Amino acid sequence: MSSTHQTRTVPQIFDRQLLRLRQRRAALRFADHDFLHKIIAEDIVDRLETVTRDFPSACFLGTGTQRLSNGLTAQCAVGTVDMYDSLAQPTDTPATPVWFSGTEELPARPGSCALIVSMMELHSMNDMPGYLAQVRRALKPDGLFIGALPAENTLQELRDCLYAAETEITGGVSPRVYPFASLRELGGLMQRAGFALPVADTLRLPVTYRAPISLLKDLRYMGETNILRNRKPGTLGRQVLSRALDLYREKFSAGKDGSVTATFEIAVLTGWAPHESQQKPLKPGSAKASLEQAVKTGFKD
């Protein structure tokens, strides 16, 4: 008897080769524009400090991993760290080696890590469900995963202005900003990947810029420019860009000095590799007392 195995087809939403080219360019000036990664690293350190367990082996992935590693405190109880940074350069020679991580294949072996942290990389994965499943397999039983990535309301102001300007001038629109996922979608992906006790919450970060063009410069040197495969070829036209910046100043002014507001909404995902010691939900019908009896007891004179 023969069996047929079906291979899951993964839509290629992002041009990963273009992403690598732009990350190489961004790496040269990333340290001058990494305020967002600094905030994320500080938040992750705060979270690790509240976890009452040790992490003898850890794997940090994404962008800004060195900032996270440098910010670890003794209270985080993190031992050996392997860092795979998508902005790593061949000339990088820090005390702790940093390897390039620009693929959708996790470099860690199955069951090898007590802690895995993903910083600002998941949103450009063509196969995020598959990557999360790899992360879960790479964790030791009861190992912890923390992932940070932009959520659905990130850059909503820029998106609105680009679409409005392009519609006004060309009569149509092209995708200019990533299709960021919602918290509900991300929580569902965590469950699908097999994580225990999954949680998804957000850091909402309104940022004030002196001018909209400063926001575009930050995105460029964070390596976060448009790599969507279905984008229009070529750069954004000068007339459309000029109109979009004018609309930004008109609609999202932060003061009389011409400054504007940009919203960054960062989703922070946490989940554990399953382990028998973890708390489990009660099975339906296993309660020792009925809700009706509890209500009667609670309101008894």
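Predicted model only: the values in this text are computed from it and were never measured. In this chain, residues are counted from 1 in sequence order.
- With Ser118 contributing its side chain and Leu61 its backbone, the two residues share no donor-acceptor pair below 3.5 Å.
- Cluster membership for Ile227 and Leu21, using ILVMFWY side-chain heavy atoms within less than 4.5 angstrom, is not shared.
- Hydrophobic clustering (side-chain heavy atoms under 4.5 Å, transitive across Ile, Leu, Val, Met, Phe, Trp, Tyr) groups Leu203 together with Phe35.
- Side-chain atoms of Leu155 and Leu215, non-hydrogen and from C-beta on, do get closer than 4.5 Å to each other.
- In terms of modelled atom types and a separation under 3.5 Å, the side chain of Asn70 and the main chain of Gln66 share a donor-acceptor contact.
- The CG atom of Asp246 lies 5.0 Å from the CZ atom of Arg249; values are rounded to the nearest 0.5 Å.
- Listed by chain and number, the residues in a salt bridge (charged side-chain N to carboxylate O under 4.0 Å, His left out) with Arg159 amount to none (sequence neighbours excluded).
- Of the possible polar contacts, one joining the Gln134 side chain to the Glu104 backbone as a donor-acceptor pair under 3.5 Å is found.
- Judged by distance alone, the side chains of Asp85 and Thr65 do bring a donor and an acceptor atom under 3.5 Å apart.
- A donor-acceptor distance shorter than 3.5 angstrom exists from the side chain of Asn226 to the backbone of Leu228, with no hydrogens or angles considered.
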Quiz item: Between Glu157 and Val260, is a side chain to side chain contact (heavy atoms under 4.5 Å, CB included) present by the stated rule, with each step listed?
Solution: CA-CA 10 Å; Glu157 303 91 350; Val260 296; over 6 Å; no
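- Checked by atom type and distance alone, the side chain of Asn126 pairs as donor or acceptor with a backbone atom of Phe14 at under 3.5 Å.
- With Thr167 contributing its side chain and Ala164 its backbone, the two residues share no donor-acceptor pair below 3.5 Å.
- Around atom CZ of Arg210, no more than 12 heavy atoms belonging to other residues, nucleotides or ligands sit under 6.0 Å away.
- When side chains are defined from C-beta on, Met119 counts as touching Ile44, because their heavy atoms get closer than 4.5 Å.
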Practice problem: Carefully, step by step, assess Thr225 and Arg25 under the rule side chain to side chain contact (heavy atoms under 4.5 Å, CB included). | Solution: CA-CA 11 Å; Thr225 50; Arg25 178 185 64 189; 4.0 Å; yes
Quiz prompt | side chain to side chain contact (heavy atoms under 4.5 Å, CB included) evaluation trace for Leu68 with Met83 | solution = CA-CA 10 Å; Leu68 173 60; Met83 288 192 289; over 6 Å; no
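- Scored by the salt bridge (charged side-chain N to carboxylate O under 4.0 Å, His left out) test, Asp160 finds no partners at all (sequence neighbours excluded).
- Counting only heavy atoms from C-beta outward, the side chains of Leu149 and Met128 approach each other to under 4.5 Å.
- Contacts of Phe55 classified as ring-ring contact (aromatic ring centres under 6.0 Å, His included), with partners at least two apart in sequence or in another chain: none.
- Using a 4.0 Å cut-off between charged nitrogen and carboxylate oxygen, Arg243 and Glu250 count as a salt-bridge pair.
- By the neighbour-count criterion of 12 heavy atoms within 6.0 Å, atom NZ of Lys38 is sparsely surrounded, having that number or fewer from other residues, nucleotides or ligands.
- By the 4.5 Å heavy-atom criterion applied to side chains, Ile146 and Leu48 are counted as neighbours.
- Rounded to the nearest 0.5 angstrom, Ile13 CD1 and His123 NE2 are separated by 13.0 Å.
- Side-chain contact between Leu269 and Pro198 is absent, with no heavy atoms from C-beta onward closer than 4.5 Å.
- The two residues Asp127 and Gly130 make their nearest non-hydrogen contact at OD1-N, 3.0 Å.
- If you take SG on Cys76 and CG on Asp46, they are separated by 8.5 Å, rounding to the nearest 0.5 Å.
- Taking CG of Asp15 as the reference point, atom OG of Ser124 lies at 11.0 Å (rounded to 0.5 Å).
- Between Phe195 and Leu139, some side-chain heavy-atom pair lies under the 4.5 Å cut-off.
- Residues meeting the salt bridge (charged side-chain N to carboxylate O under 4.0 Å, His left out) test with Arg53, sequence neighbours left out: Asp142.
- Val199 and Val135 are not part of a single hydrophobic cluster, where members link through side-chain heavy atoms under 4.5 Å apart.
- Within a 6.0 Å radius of CD in Glu49, other residues, nucleotides and ligands contribute more than 12 heavy atoms.
- Using a 4.5 Å cut-off on side-chain heavy atoms (C-beta onward), Pro274 and Arg136 make contact.
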Practice problem: Might you work through the side chain to side chain contact (heavy atoms under 4.5 Å, CB included) test for Val268 and Arg47, ending with a clear yes or no? | Solution: CA-CA 10 Å; Val268 182; Arg47 292 169 187 263; 3.4 Å; yes
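- In this structure, Ala244 and Ala165 approach most closely via the heavy-atom pair N-CB, 3.5 Å.
- No continuous path of hydrophobic side-chain contacts links Leu247 to Leu241 [ILVMFWY only; heavy atoms under 4.5 Å].
- Neither side chain, Glu121 nor Ser86, offers a donor N or O lying under 3.5 Å from an acceptor on the other.
- A continuous path of ILVMFWY side-chain contacts below 4.5 Å connects Val240 to Leu245, so both sit in one hydrophobic cluster.
- Arg184 CZ to Leu186 CG: the interatomic distance, rounded to the nearest 0.5 Å, is 12.0 Å.
- Between the side chain of Thr154 and the backbone N or O of Glu265 there is at least one donor-acceptor pair closer than 3.5 Å.
- Residues passing the salt bridge (charged side-chain N to carboxylate O under 4.0 Å, His left out) test with Asp34, sequence neighbours excluded: Arg67.
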Result block: side-chain N/O donor-acceptor pairs under 3.5 angstrom for residues 216-223, not counting sequence neighbours:
from: Asp218; atom 1: OD1; to: His33; atom 2: ND1; distance (Å): 2.7
from: Asp218; atom 1: OD2; to: Tyr209; atom 2: OH; distance (Å): 2.7
from: Tyr221; atom 1: OH; to: Arg29; atom 2: NH1; distance (Å): 3.2

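- Judged purely by atom type and a 3.5 angstrom limit, Thr202 has no side-chain atom pairing as donor or acceptor with the backbone of Leu183.
- When side chains are defined from C-beta on, Arg20 does not count as touching Arg16, because their heavy atoms never get closer than 4.5 Å.
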